[in-house]
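Only one structure is covered here, and it is reproduced in the block below.
Lettering of chains follows the sequences in order, A, B, ..., and the numbering in each one begins at 1. Being a predicted model, the structure only gives us computed values, none of them experimental.
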Protein chains: 2
Amino acid sequence: MSLRYAILGFLSSTPASGYQIGREFQNGAGSYWSALPSQIYPELHELEELGWVSGQVSKTDRLRRKIFRLTPRGEEELQKWVEADNDYPPERDSERLRLIFLDGAPPDVIRRHLAGHRAHYDKRLVVWRGLREAVEKRTLRQLVRRLAMRPPADHELVIRLKLLALDGNIRRAELEIAWAQEALEWLDALEADRRKRRRAQ
Amino acid sequence: MSLRYAILGFLSSTPASGYQIGREFQNGAGSYWSALPSQIYPELHELEELGWVSGQVSKTDRLRRKIFRLTPRGEEELQKWVEADNDYPPERDSERLRLIFLDGAPPDVIRRHLAGHRAHYDKRLVVWRGLREAVEKRTLRQLVRRLAMRPPADHELVIRLKLLALDGNIRRAELEIAWAQEALEWLDALEADRRKRRRAQ
DNA sequence: CTGCCCATGTAAATCGTTACATGATTAC
DNA sequence: GTAATCATGTAACGATTTACATGGGCAG
């Protein structure tokens, strides 16, 4: 169900076409939910049938884009969902799974995995930090649009919550990087020790 | 595809029935992958058809349990998967999604969400810490069985990798708790400040 | 006029959850 | 005997990914 509300959330800052939503929901982009166009277009149609969004093909535009916007009903439903208790997803971590079963593999393979882990979160970190800066400088498009449709008294909270969420993700990424780094160092020490012992025999 | 290998991994420490696998894969249990019996039983049958596991109904047992064990082929396939590069899943975080759209909600609702976040990871933390202790004391069943089928020279690595994975999860949980805690304190300060300003007017 | 990005979709397959069914064993 | 737990499944639904299809606009 979250995709539905991720779309509503996006549209609560600005009207947009399915294509624009698709770009934002591409993995690596700034949003907290990812989905492919093949999932987004049908969902938009369902939302339209529900009357939670309304779409109209722009006439001024040569590109036959269909721009969707939240209806009052959609806004209500979004708010209801947002305030509801969260269901945390079950644990599913394929990298951890690999790691604990790598106990029969050569150290270089373990090293490759840890380095890959670090590299993955290095990339994520760059994205999150970039977004954080864009929020602080008020250059993030989504944020600017959201602020524009709200009373100035709310601006601080809007920004603070965005920063809070981003900081959480930044700290997660930093943690994973530090963890992998320490693990790599431990692995190096372990191997040095083993080489020493082999020589000592 | 990961479920398949999570099952193979489990069976690489000890033969087991679908029911036993089901208990371990219950969320909250110690494994890094969760799944329900309705997914596990069919997967075991597919694995049997592939010849990666072989199951036989125990005759000494009054309960008609079917015990599965890895075949050599299954061991090979597991090792291949374990060593392969990991595909990290796309970002999907419904709690973050809620948080950034909570900017129109009353502070108490935000507080409830942050407290819920902390509570969730408090629970996870207890589980991970418990498992860590059980690994250190060598009382964890899965671990004992895995060690039993390996040369003593490998024991340290087996244990270290388990601890490494658990420490990662413990640190994740601690991070989420600290993050939520700090956010709650910030929220308290914000509200105190607002009350003060309102009085000052 | 060719290749790239914009733009919108459908169909099939895979993965995961929810709901339902059934029977045997064990503890009270 | 009856409730809880053991044990194994099937069917339907929902969510996600992969593959495929189509056509317009724009830059070189």
Nucleic acid contacts of residues 87-101 of chain B, taken as heavy-atom distances under 4.0 Å to DNA chain D: Pro90(B), Arg92(B)
Outermost nucleotides of DNA chain C that come under 4.0 Å of a non-hydrogen atom of chain A: dC6(C) to dT17(C)
Parallel, tilted or perpendicular, as decided by the 30° and 60° cut-offs, for the rings of Phe10(B) and Phe25(B): perpendicular
Side chains of Leu114(A) and Trp179(A) in contact at under 4.5 Å (non-hydrogen atoms): yes
Euclidean distance, atom CZ of residue Arg4(A) to atom P of dG14(D) [Å, nearest integer]: 10 Å
Partner residues of Arg198(A) under the salt bridge (charged side-chain N to carboxylate O under 4.0 Å, His left out) criterion, sequence neighbours left out: none
Pair Arg124(B) + Glu176(B), salt bridge at N-O below 4.0 Å: no
Side-chain H-bond candidate by donor/acceptor type, Glu75(A) with Gln79(A), under 3.5 Å: no
Main-chain N/O of Arg112(A) paired with His117(A) side-chain donor or acceptor, under 3.5 Å: no
Partner set under side chain to side chain donor-acceptor pair (under 3.5 Å) for Asp103(B), not counting sequence neighbours: Arg146(A), Arg150(A)
Contact list for DNA chain C against residues 6-19 of chain A - heavy-atom distance below 4.0 Å: Ser17(A), Gly18(A), Tyr19(A)
Asp93(B) bridged to Arg172(A) by N-O distance under 4.0 Å: yes
Asp193(A)/Lys196(A) salt bridge by N-O under 4.0 Å criterion: no
Test of ring centre spacing under 6.0 Å for Trp33(A) and Phe101(B): no
Selection: residues 32-39 of chain A, any non-hydrogen atom under 4.0 Å of DNA chain D: Trp33(A), Leu36(A), Ser38(A), Gln39(A)
Spacing between Arg65(B) atom CZ and dT5(D) atom P, to the nearest angstrom: 17 Å
Distance in angstrom units between Ile40(B) CD1 and dT10(D) P, rounded: 14 Å
Plane angle bin for Tyr121(A) and Tyr88(B) - parallel if under 30°, tilted between 30 and 60°, otherwise perpendicular: perpendicular
Whole-Å gap separating C1' (dT10(D)) and NE2 (His45(B)): 11 Å
Quiz item: cation-pi between Arg111(A) and Trp186(A), 6.0 Å / 45°: no
Within 45° cone of Trp52(B) ring axis and under 6.0 Å: Arg4(B) NZ or CZ: yes
Nearest-angstrom distance from the residue atom CG of Leu44(B) to P of dT8(D): 9 Å
Nearest-nucleotide comparison on DNA chain D, the residue closer to the 5′ end among Arg64(B) and Arg64(A): Arg64(B)
Touch class at under 4.0 angstrom, heavy-atom based, for Arg23(B) against every strand present: sugar-phosphate
